[in-house]
Amino acid sequence: MGDPGQPPRPQSPHGSSPTLSTLTLLLLLCGHAHSQCKILRCNAEYVSSTLSLRGGGSPGALPGGGGRGGGMGSGGFCRALRSYELCTRRTARTCRGDLAFHSAVHGIEDLMIQHNCSRQGPTAPPPPRGPALPGSSPGSSAPDPCDYEGRFSRLHSRSPGFLHCASFGDPHVRSFHHHFHTCRIQGAWPLLDNNFLFVQATSSPVASGVNATTIRKLTIIFKNMQECIDQKVYQAEVDNLPAAFEDGSVNGGDRPGGSSLSIQTANPGSHVEIRAAYIGTTIVIRQTAGQLSFSIKVAEDVARAFSAEQDLQLCVGGCPPSQRISRSERNRRGAITIDTAKQLCKERLPIEDAYFQSCVFDVLISGDPNFTVAAQAALEDARAFLPDLEKLHLFPSDVGVLLYQATFLTPLLSGFFVLWHCIQ
């Protein structure tokens with residue numbers, strides 16, 4: 001029974017016309033179905049409209065004039081770029097966080113400058129609709145959305161940039177920006193946390209009463225990327241380096257680009273490599289002396305694709321100051337002397353750089369000569385992954401606060417400040 005003072009609520013008998021709320025829900029669902037990122041279509045239309053312009057010349061060095069300022073510009077090429085830019089603007093809202101979209105936006109800007117194209121002017125006519133979508137036939141010339149390096153090179157007419165980060169030993173972290181820290185981090189800490197990749201290291205003390213820790217567990221999440229892979233999780237622990245993802249697979253799944261993510265076992269149980277071609281990334285995981293080492297080469301666009309809430313990343317900012325081990329905190333254990341540690345490390349690391357210093361630290365702290373292998377492997381990974389080998393060997397003057405210098409520099413600078421103040 002209802003309240004006699006209120007009119008009865010309208011009823012919707014079964015089989016009647018849809019109510020306003022039902023229609024609204026259907027419209028929302030329909031909108032969602034059409035709200036997916038359309039950057040692949042923009043890419044394909046741009047490639048199709050410029051194929052005839054590229055004949056006989058390298059990409060970006062096109063014959064003819066027509067762009068503003070003449071020179072290397074091309075009327076047809078500029079029209080294609082304006083159309084490309086218009087297409088990206090139309091799909092911008094639904095492509096937030098999409099690597100291919102942001103790469104295309106930056107590439108368009110670079111190419112318009114390179115070819116002296118004005119932003120105002122005619123656009124290219126839409127390409128004729130073919131019977132197949134881009135990439136669905138062997139003869140398609142559209143760039144593979146799951147080949148990051150190929151897609152980037154075709155769009156920018158140059159090779160992409162890469163960054164390197166590593167964590168090894170007790171543990172030492174080399175950040176993307178060439179900071180080199182020795183850390184006391186315990187528990188779970190993120191090495192990387194961006195829109196495409198999450199890497200977490202879990203550490204515990206080397207021994208009771210020792211500040212230094214080692215990585216005992218690594219968790220890596222390759223986040224879902226619609227065109228290429230399903231979300232994949234890889235988890236390694238000391239004495240357990242699996243040769244597959246957690247779901248038992250060794251690639252990115254059944255999607256067309258599933259092969260762009262793969263696991264390779266260089267040395268079963270002690271050396272695993274994961275290659276993610278769709279984001280231009282290679283990861284190496286090793287086990288040495290009862291600890292795990294992590295090394296990565298990653299495309300700059302991927303490494304920088306994170307929000308303000310994802311700012312705690314050891315590969316980006318290094319170890320927080322509160323988590324850095326200073327020289328005064330070194331705790332030597334075992335019978336290995338510093339001279340012996342230096343001799344052992346010198347055999348594998350002849351240059352006394354940050355890797356050599358890390359090696360000496362690890363051997364002294366752990367009493368285990370096998371830590372020399374971890375430092376050497378980290379150096380070799382850096383040699384393979386760094387785009388600029390001039391930054392391979394880091395020294396105190398290169399990295400500022402390196403390894404153990406923090407507690408020394410702070411009081412020294414404070415003393416200089418007090419002395420200057422007194423003189424004034």
Inset, instruction - Give the intermediate values and the outcome of side-chain hydrogen bond (donor to acceptor under 3.5 Å, both in side chains) for residues Thr213 and Gln186. - result: CA-CA 7 Å; Thr213 61; Gln186 292 192 36; over 6 Å; no

Inset, instruction - Using the side chain to side chain donor-acceptor pair (under 3.5 Å) rule, pick out the option among Thr219, Thr202, Asn240 that qualifies with Gln235. - result: Thr219

Legend entry - Donor-acceptor contact below 3.5 Å, side chain Lys223 vs main chain Asn194: yes

Inset, instruction - Mind checking the CZ-OH spacing from Arg383 to Tyr355? Nearest 0.5 Å is all I need. - result: 10.0 Å

Legend entry - Taking every non-hydrogen atom, the tightest pair across Ile283 and Leu197: CD1-CD2, 4.4 Å

Legend entry - Worked check of side-chain hydrogen bond (donor to acceptor under 3.5 Å, both in side chains) between Ser307 and Gln310: CA-CA 5 Å; Ser307 64; Gln310 299 168 298; 3.3 Å; yes

Legend entry - Note, Gln291 side chain near Pro171 side chain (heavy atom, < 4.5 Å): no

Inset, instruction - Could you walk me through whether Thr88 and Leu86 pass side-chain contact (heavy atoms from CB on, under 4.5 Å), step by step? - result: CA-CA 5 Å; Thr88 59; Leu86 178 62; over 6 Å; no

Legend entry - Validation row: Arg348, Val373 side chains within 4.5 angstrom (heavy atoms): yes

Inset, instruction - Please step through side-chain hydrogen bond (donor to acceptor under 3.5 Å, both in side chains) for the pair Thr123 and Arg79, ending with a clear verdict. - result: CA-CA 4 Å; Thr123 58; Arg79 286 194 293 271; over 6 Å; no

Legend entry - Where Ala244 and Val250 come nearest, the two heavy atoms and their spacing: CB-CG1, 4.1 Å

Inset, instruction - Spell out, as yes or no, whether a donor-acceptor pair under 3.5 Å connects the side chain of Thr265 to the backbone of Asn267. - result: no

Inset, instruction - Compare every heavy atom of Arg286 with every heavy atom of Val284, then report the nearest pair and how far apart it is. - result: CG1-NH1, 3.4 Å

Legend entry - Main-chain N/O of Phe356 paired with Ser358 side-chain donor or acceptor, under 3.5 Å: no

Legend entry - Full working for side-chain contact (heavy atoms from CB on, under 4.5 Å) between Ile296 and Thr282: CA-CA 6 Å; Ile296 186 171; Thr282 301; over 6 Å; no

Inset, instruction - Supply the atom-to-atom distance Glu149 CD to Asp144 CG, rounded to the nearest 0.5 angstrom. - result: 12.5 Å

Legend entry - Side-chain heavy-atom pair Pro369, Ile336 within 4.5 angstrom cut-off: yes

Inset, instruction - Check whether any side-chain heavy atom of Val363 sits under 4.5 Å from a side-chain heavy atom of Leu344, and report yes or no. - result: yes

Inset, instruction - Of all the heavy-atom pairs spanning Ser167 and Val173, show the shortest one and how long it is. - result: OG-CG2, 3.9 Å

Inset, instruction - Give a yes or no answer on whether the side chain of Arg324 reaches the backbone of Cys319 with a donor-acceptor pair at less than 3.5 Å. - result: yes

Inset, instruction - State whether the side chain of Tyr46 and the backbone N or O of Ile108 hold a donor-acceptor pair below 3.5 Å, judged by distance alone. - result: no

Legend entry - Validation row: Ile229, Phe222 side chains within 4.5 angstrom (heavy atoms): yes

Legend entry - Reported CG-to-OH distance for the pair Leu261 and Tyr278, which is rounded to 0.5 angstrom: 5.5 Å

Inset, instruction - Determine the minimum heavy-atom distance between Ala243 and Ile263, stating which atoms define it. - result: O-CG2, 3.7 Å

Inset, instruction - First locate atom CG of Leu386, then atom NZ of Lys297, and finally report the distance between them rounded to the nearest 0.5 Å. - result: 10.0 Å

Inset, instruction - Take Asn251 and Ser249, measure what side-chain hydrogen bond (donor to acceptor under 3.5 Å, both in side chains) needs, and give me the verdict at the end. - result: CA-CA 6 Å; Asn251 56 34; Ser249 65; 4.9 Å; no

Inset, instruction - Look only at the side chain of Ser260 and the backbone of Gly257, and say whether a donor-acceptor pair between them is shorter than 3.5 Å. - result: yes

Inset, instruction - Give a yes-or-no answer on whether the side chains of Arg304 and Asn195 include a donor-acceptor pair shorter than 3.5 Å. - result: no

Inset, instruction - Answer yes or no: is there a side-chain heavy-atom contact under 4.5 Å between Tyr148 and Pro160? - result: yes

Legend entry - Sub-6.0 Å ring centroid separation between Phe168 and Phe371: no

Legend entry - Backbone of Asp193 reached by a side-chain donor or acceptor of Gln313 within 3.5 Å: yes

Inset, instruction - Using the side-chain contact (heavy atoms from CB on, under 4.5 Å) rule, take Phe198 and Leu192 through it: C-alpha gap first, then chi angles, then the decisive distance, then the call. - result: CA-CA 5 Å; Phe198 177 80; Leu192 280 172; over 6 Å; no

Inset, instruction - Report yes if some heavy atom in the side chain of Leu314 is under 4.5 Å from a heavy atom in the side chain of Ile185; otherwise report no. - result: yes

Legend entry - Backbone of Asp239 reached by a side-chain donor or acceptor of Gln287 within 3.5 Å: yes

Inset, instruction - Assign the ring pair His179 / His181 to parallel, tilted or perpendicular, where the plane angle (0 to 90°) is split at 30° and 60°. - result: parallel

Inset, instruction - List the steps, then state whether salt bridge (Lys or Arg N to Asp or Glu O under 4.0 Å) holds for Glu352 with Lys346. - result: CA-CA 8 Å; Glu352 296 189 10; Lys346 196 77 170 178; 3.1 Å; yes

Inset, instruction - Calculate, to the nearest 0.5 Å, the distance between atoms CD and OG1 belonging to Gln357 and Thr182 respectively. - result: 8.5 Å

Legend entry - Note, Asp362 side chain near Val360 side chain (heavy atom, < 4.5 Å): no

Legend entry - salt bridge (Lys or Arg N to Asp or Glu O under 4.0 Å) evaluation trace for Glu85 with Arg119: CA-CA 9 Å; Glu85 183 184 39; Arg119 294 189 178 276; 2.3 Å; yes

Legend entry - More than 12 heavy atoms of other groups within 6.0 Å of Gln120 CD: no

Inset, instruction - Check the angle between the aromatic planes of Phe361 and His172 and answer parallel, tilted or perpendicular using the 30° and 60° thresholds. - result: perpendicular

Inset, instruction - Determine yes or no for a side-chain-to-main-chain donor-acceptor pair under 3.5 angstrom, with His164 supplying the side chain and Phe385 the backbone. - result: no

Legend entry - Thr94 side chain to Thr91 backbone, donor-acceptor under 3.5 Å: yes

Inset, instruction - Output the distance between atom OG1 (Thr288) and atom CD (Gln376), rounded to the nearest 0.5 Å. - result: 10.0 Å

Inset, instruction - Grab the two heavy atoms, one from Leu292 and one from Leu218, that are nearest each other, plus how far apart they are. - result: CD1-N, 4.0 Å

Inset, instruction - Kindly indicate, with the supporting measurements, whether the criterion side-chain contact (heavy atoms from CB on, under 4.5 Å) is fulfilled by Gln200 and Leu191. - result: CA-CA 6 Å; Gln200 178 177 276; Leu191 288 165; over 6 Å; no

